[in-house]
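I have placed the structure first, in the form of structure tokens, so that the comments after it can refer back to it.
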Amino acid sequence: MSDILRDLYAIVENRRAEREEGSYTNYLFESGLDKILKKLGEEEAETLIAAKNLELNNEAIKEREELKNEVSDLLYHLVVMLNELGVRPEEIEEVLRARMQKKGNLKKSE
């Protein structure tokens, strides 16, 4: 996994261990998994909309920036969820590396 995602995971992990007043990350952990998943779902939907908006207007700087911001929000909330569930970045990296080695693994439509 890229260094930035590892760094983000470490910051999230640190925030969870050392509660900081006013921290959005702490708010999510205090609210529990349901809130984390709700936010993750919201960010996913916003990312999809931003991607569609960029597709419709691919030259627009505003739409490109919006997509980058929404993907960043999505990744952040994904990292929070993984941390809440005790899944380490290295575990995800392991799966991705194994998948990169596969060939001819196209899923067939039913």
Answer yes when [X] and [Y] have at least one side-chain N-carboxylate O distance shorter than 4.0 Å, and no when they do not.
X	Y	value
E42	K39	yes
R6	E90	yes
E65	K62	no

Please name all residues satisfying side chain to side chain donor-acceptor pair (under 3.5 Å) with [X], sequence neighbours left out, ordered by chain then number.
X	value
T47	none
E44	none
R88	E13

- request: Using the salt bridge (charged side-chain N to carboxylate O under 4.0 Å, His left out) rule, take R97 and E94 through it: C-alpha gap first, then chi angles, then the decisive distance, then the call.
  value: CA-CA 5 Å; R97 289 200 185 282; E94 224 174 83; over 6 Å; no
Roughly how far, to the nearest 0.5 Å, is the [atom2] atom of [Y] from the [atom1] atom of [X]?
X	Y	atom1	atom2	result
F29	R15	CZ	CZ	10.5 Å
N69	R64	CG	CZ	13.0 Å
E70	N53	CD	CG	10.0 Å

Please check if [X] and [Y] belong to a single hydrophobic cluster, counting links between Ile, Leu, Val, Met, Phe, Trp and Tyr side chain heavy atoms closer than 4.5 Å.
X	Y	answer
L75	I49	no
L37	L48	no
M100	L5	no

task: Might you point out which heavy atoms bring V87 and Y9 nearest each other, and give the distance in Å?
output: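 For V87 and Y9, the tightest heavy-atom pair comes out as O-OH, 3.0 Å.
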- request: Locate the shortest heavy-atom distance separating L67 from A50; write the atom from each residue and the value.
  value: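 That would be CA-CB, 3.8 Å.
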Show which side-chain atoms of residues 77-85 pair as donor or acceptor with protein atoms under 3.5 Å away, not counting sequence neighbours.
residue : atom : partner : partner atom : Å
H77     : ND1  : D73     : O            : 2.8
H77     : NE2  : Y24     : OH           : 3.0
N83     : OD1  : R16     : NH1          : 3.2
E84     : OE1  : R16     : NH2          : 3.3

message: The criterion is side chain to side chain contact (heavy atoms under 4.5 Å, CB included); which residues satisfy it with S72, sequence neighbours excluded?
response: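 Counting only residues at least two positions away or on another chain, S72 forms no side chain to side chain contact (heavy atoms under 4.5 Å, CB included).
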task: List in chain and number order the residues that pass side chain to side chain contact (heavy atoms under 4.5 Å, CB included) with N14, two or more places apart in sequence or in another chain; answer none if no residue qualifies.
output: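 For N14 the side chain to side chain contact (heavy atoms under 4.5 Å, CB included) partners, ignoring immediate neighbours, are E18.
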- prompt: Is the backbone N or O of E21 less than 3.5 Å from a side-chain atom of N26, with the two atoms forming a donor-acceptor pair by type?
  reply: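 No; zero donor-acceptor contacts below 3.5 Å.
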